[in-house]
K.L.:
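Below is the structure I would like to discuss, written out as structure tokens.
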Amino acid sequence: MKPLLVGELAPEEPSQDRGKNSQITEDFRALKKTAEDLKLFKTNHLFFLLLLAHIIAMESLAWFIIFYFGNGWIPTLITTFVLATSQVQAGWLQHDYGHLSVYKKSRWNHIVHKFIIGHMKGASANWWNHRHFQHHAKPNIFHKDPDVNMLHVFVLGEWQPIEYGKKKLKYLPYNHQHEYFFLIGPPLLIPMYFQYQIIMTMIVRKDWVDLAWAISYYSRFFITYIPFYGILGALLFLNFIRFLESHWFVWVTQMNHIVMEIDREPYRDWFSSQLAATCNVEQSFFNDWFSGHLNFQIEHHLFPTMPRHNFHKIAPLVKSLCAKHGIKYQEKPLLRALLDIIHSLKKSGQLWLDAYLHK
């Protein structure tokens with residue numbers, strides 16, 4: 001985007017960014033320059049190689065369990081959990097390549113991204129890019145971030161539930177959304193909504209390259225497991241894996257965003273906007289692995305092309321900048337972050353009910 005930058009508007013000129021703080025913007029640019037000087041955008045290629053290796057190892061272990069122990073209930077359950085884990089970890093890894101945070105050349109990132117999201121997950125790189133880049137540009141902004149478009153299934157934040165309540169919109173009993181979330185949120189997002197949306201997007205947009213990559217995943221999966229389970233059994237097996245993966249994915253991705261400010265466009269500076277929409281989860285070896293380093297969601301949103309193994313190095317500098325400008329830097333224990341998802345949904349549901357009943 002740098003070639004398109006003409007310059008900053010003069011202070012007296014009208015701007016959409018009415019709440020833009022020029023000092024924060026300048027300090028953030030200085031912080032990014034510091035990160036570059038510290039070589040925090042430099043990749044440790046062994047790190048990503050080991051991540052890929054442990055995913056392939058899990059895929060191999062899953063096949064060996066069924067091959068050696070048979071297709072009984074216990075081996076099948078163990079294999080399902082192993083494959084769900086490998087799918088989640090592949091999801092975190094494709095995220096790295098999708099953000100161009102591994103190789104210096106964009107082309108190599110795009111090639112590996114298509115391989116991992118396509119051949120190892122059966123999804124579409126172009127579909128993911130289209131959704132995810134909008135999310136990063138305007139996180140938690142209605143009508144701009146597709147991740148907060150809940151298709152009237154949930155109401156989020158404070159503004160939306162009140163608007164729905166005032167307009168007497170009741171597609172679902174939103175005051176119970178923190179309860180039905182367990183039934184239609186984590187269990188169905190990937191196996192039903194994402195899986196259908198991805199396939200239809202590739203077909204409608206005639207994205208034959210991504211479709212070919214996805215077909216290579218499904219071909220490999222069914223060639224591997226139909227001999228053990230038959231066609232119907234392999235289909236059920238695949239969807240059970242997606243079902244488990246979906247739980248993991250939803251809880252991790254929502255613990256950093258759904259609990260934060262979700263509203264209309266506030267026209268703030270980049271730094272303030274990202275901090276208002278994201279929070280972190282405490283660092284530990286498990287939390288890093290479990291979330292694909294998305295426990296450093298703040299740093300990831302501020303520096304989306306930074307390799308994730310460097311987030312913990314830039315975090316103290318981000319905290320200092322937040323303290324300087326009086327911006328809240330939120331960091332929580334993992335369990336607290338997960339529980340806050342339910343508390344947030346309950347709070348929004350109650351706001352809807354109060355507005356709906358004219359309270």
Side-chain angles (χ1 to χ4, degrees), residues 32 35-36 38-59 83-137 139 146-147 190 194 198 209-210 213-214 217 245 248-257 274 278 280-281 283-315 318:
K32 186 176 181 182
E36 291 169 349
L38 293 172
K39 301 188 186 314
L40 297 185
F41 289 92
K42 186 177 181 180
T43 300
N44 179 347
H45 291 284
L46 179 61
F47 175 85
F48 290 103
L49 182 63
L50 290 174
L51 286 175
L52 178 59
H54 102 292
I55 293 166
I56 294 172
M58 283 188 281
E59 296 269 352
L83 286 175
T85 302
S86 74
Q87 282 294 290
V88 169
Q89 291 300 319
W92 304 149
L93 187 59
Q94 68 82 23
H95 179 263
D96 297 312
Y97 289 96
H99 272 288
L100 314 180
S101 64
V102 180
Y103 297 112
K104 287 183 179 180
K105 291 187 177 181
S106 297
R107 178 178 174 80
W108 283 106
N109 284 294
H110 287 308
I111 290 172
V112 180
H113 185 218
K114 285 187 179 293
F115 168 75
I116 294 175
I117 198 173
H119 183 67
M120 301 196 75
K121 289 192 62 62
S124 164
N126 289 337
W127 168 85
W128 184 89
N129 287 337
H130 180 69
R131 281 185 61 97
H132 201 65
F133 293 170
Q134 292 179 78
H135 162 70
H136 268 268
D147 288 1
I190 290 180
F194 273 4
I198 289 168
V209 173
D210 278 12
W213 277 114
Y217 164 79
E245 176 196 1
W248 191 332
F249 173 82
V250 170
W251 285 100
V252 168
T253 56
Q254 297 311 306
M255 70 182 182
N256 302 112
H257 286 302
Q274 302 302 318
T278 57
N280 280 7
V281 171
Q283 184 190 21
S284 70
F285 178 81
F286 175 78
N287 287 354
D288 291 352
W289 174 84
F290 181 73
S291 68
H293 287 83
L294 293 180
N295 50 328
F296 288 98
Q297 191 73 219
I298 293 172
E299 288 71 26
H300 170 57
H301 266 256
L302 292 175
F303 307 101
T305 59
M306 181 179 287
R308 59 161 129 152
H309 53 71
N310 286 332
F311 287 155
H312 72 281
K313 297 177 182 177
I314 196 67
V318 174

K.L.:
Applying the ring-ring contact (aromatic ring centres under 6.0 Å, His included) criterion to His300, which one of His309, His99, His257 satisfies it?
P.N.:
His99
K.L.:
Going by heavy atoms in the side chains, are Met255 and Ser291 under 4.5 Å from each other?
P.N.:
yes
K.L.:
Check whether any side-chain heavy atom of Met120 sits under 4.5 Å from a side-chain heavy atom of Leu52, and report yes or no.
P.N.:
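Yes, their side chains come closer than 4.5 Å.
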K.L.:
Picking from Leu302, Leu40, Ile298, what satisfies side chain to side chain contact (heavy atoms under 4.5 Å, CB included) with Ile314?
P.N.:
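Per the side chain to side chain contact (heavy atoms under 4.5 Å, CB included) rule, the option paired with Ile314 is Leu40, out of Leu302, Leu40, Ile298.
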K.L.:
The criterion is side chain to side chain contact (heavy atoms under 4.5 Å, CB included); which residues satisfy it with Ala84, sequence neighbours excluded?
P.N.:
Ile241, Leu244
K.L.:
Can you tell me which residue pairs pass the salt bridge (Lys or Arg N to Asp or Glu O under 4.0 Å) test with a partner in residues 93-117, sequence neighbours excluded?
P.N.:
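Residue pairs passing salt bridge (Lys or Arg N to Asp or Glu O under 4.0 Å), neighbours aside: Asp96-Arg308, Lys114-Asp210.
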K.L.:
Taking only residues two or more places apart in sequence, or in another chain, which ones meet Thr278 in a side chain to side chain donor-acceptor pair (under 3.5 Å)?
P.N.:
none
K.L.:
Taking all non-hydrogen atoms of both residues into account, name the closest pair between Trp213 and Phe115 and its distance.
P.N.:
CZ3-CD1, 3.7 Å
K.L.:
Under the rule for side chain to side chain donor-acceptor pair (under 3.5 Å), what residues qualify as partners of Lys42, not counting sequence neighbours?
P.N.:
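Side chain to side chain donor-acceptor pair (under 3.5 Å) check on Lys42 returns nothing, list empty.
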K.L.:
So which atom in Gln94 and which in Trp128 form the shortest heavy-atom distance, rounded to 0.1 Å?
P.N.:
NE2-NE1, 3.2 Å
K.L.:
Could you check whether His113 and His110 have their ring centres less than 6.0 Å apart?
P.N.:
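Centroid separation for His110 and His113: 6.0 Å or greater.
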K.L.:
When you compare the side chain of Asp288 with that of Gln283, does any pair of heavy atoms fall below 4.5 Å?
P.N.:
yes
K.L.:
Can you name the nearest heavy-atom pair linking Ala315 to Phe296, along with the distance?
P.N.:
CB-CE2, 4.2 Å
K.L.:
Taking all non-hydrogen atoms of both residues, which atom of Ala123 and which atom of Ala214 are closest, and how far apart?
P.N.:
O-CB, 4.3 Å
K.L.:
Set out, in order, the CA-CA distance, both residues' side-chain angles and the distance that settles side chain to side chain contact (heavy atoms under 4.5 Å, CB included) for Phe249 and Val88, then state yes or no.
P.N.:
CA-CA 7 Å; Phe249 173 82; Val88 169; 5.6 Å; no
K.L.:
Just jot down the side chain to side chain donor-acceptor pair (under 3.5 Å) partners of Gln134, sequence neighbours excluded, or say none.
P.N.:
His130
K.L.:
Just to verify, what does His293 make a ring pair (Phe, Tyr, Trp, His ring centres under 6.0 Å) with, not counting sequence neighbours?
P.N.:
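Once residues adjacent in sequence are excluded, the partners of His293 under the ring pair (Phe, Tyr, Trp, His ring centres under 6.0 Å) criterion are Phe47.
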K.L.:
Donor-acceptor pair, Lys121 side chain versus Ile116 backbone, under 3.5 Å?
P.N.:
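Checking the backbone N and O of Ile116 against the side chain of Lys121, no donor-acceptor pair under 3.5 Å is found.
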K.L.:
With a 4.5 Å heavy-atom cut-off, do Glu245 and Thr85 have their side chains touching?
P.N.:
no
K.L.:
Tell me whether Ser101 contacts the main-chain N or O of Pro307 through its side chain, where contact means a donor paired with an acceptor under 3.5 Å.
P.N.:
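No, the answer is negative, given that no donor and acceptor are paired below the 3.5 Å cut-off.
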K.L.:
Mind checking what makes side chain to side chain donor-acceptor pair (under 3.5 Å) contact with Asn256, not counting sequence neighbours?
P.N.:
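Once residues adjacent in sequence are excluded, the partners of Asn256 under the side chain to side chain donor-acceptor pair (under 3.5 Å) criterion are Gln297.
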K.L.:
Hey, could you give me the CD/CD1 distance between Glu59 and Ile56, rounded to the nearest 0.5 Å?
P.N.:
8.5 Å
K.L.:
Between CD1 of Ile117 and NE2 of His95, what distance do you get to the nearest 0.5 Å?
P.N.:
10.5 Å
K.L.:
Provide the closest heavy-atom pair for Ser86 versus Ile55 in the form atom of the first, atom of the second, distance.
P.N.:
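That closest heavy-atom pairing would be O-CG2, 3.9 Å.
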K.L.:
Under the salt bridge (charged side-chain N to carboxylate O under 4.0 Å, His left out) rule, collect the residues that match up with Glu299, sequence neighbours excluded.
P.N.:
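Partners of Glu299 by the salt bridge (charged side-chain N to carboxylate O under 4.0 Å, His left out) criterion come out as none, since no residue qualifies.
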K.L.:
Under the side chain to side chain contact (heavy atoms under 4.5 Å, CB included) test, which residues partner Asn287, sequence neighbours left out?
P.N.:
Val281, Ser284, Asn295, Leu334
K.L.:
Return the set of residues passing side chain to side chain contact (heavy atoms under 4.5 Å, CB included) with Tyr103 (not counting sequence neighbours), or none when no residue passes.
P.N.:
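Residues passing side chain to side chain contact (heavy atoms under 4.5 Å, CB included) with Tyr103: His45, Tyr97, Trp108, Asn109, Val112.
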K.L.:
For the CD atom of Glu36 and the CZ atom of Phe303, what is their distance to the nearest 0.5 Å?
P.N.:
9.0 Å
K.L.:
Residues in side chain to side chain contact (heavy atoms under 4.5 Å, CB included) with His54, at least two apart?
P.N.:
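Side chain to side chain contact (heavy atoms under 4.5 Å, CB included) list for His54, sorted by chain: Leu51, Met58, Gln89, Trp289.
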K.L.:
Salt bridge (charged side-chain N to carboxylate O under 4.0 Å, His left out) with Asp147: which residues, sequence neighbours excluded?
P.N.:
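Expected list: Arg131.
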K.L.:
With rounding to the nearest 0.5 angstrom, report the OG1 to CZ distance, Thr305 to Phe41.
P.N.:
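The CZ atom of Phe41 is 5.0 Å from OG1 of Thr305, to the nearest 0.5 Å.
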K.L.:
Please report the shortest heavy-atom distance between Pro139 and His301, naming the atom on each side.
P.N.:
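Closest pair (atom of Pro139, atom of His301, distance): CB-CE1, 3.8 Å.
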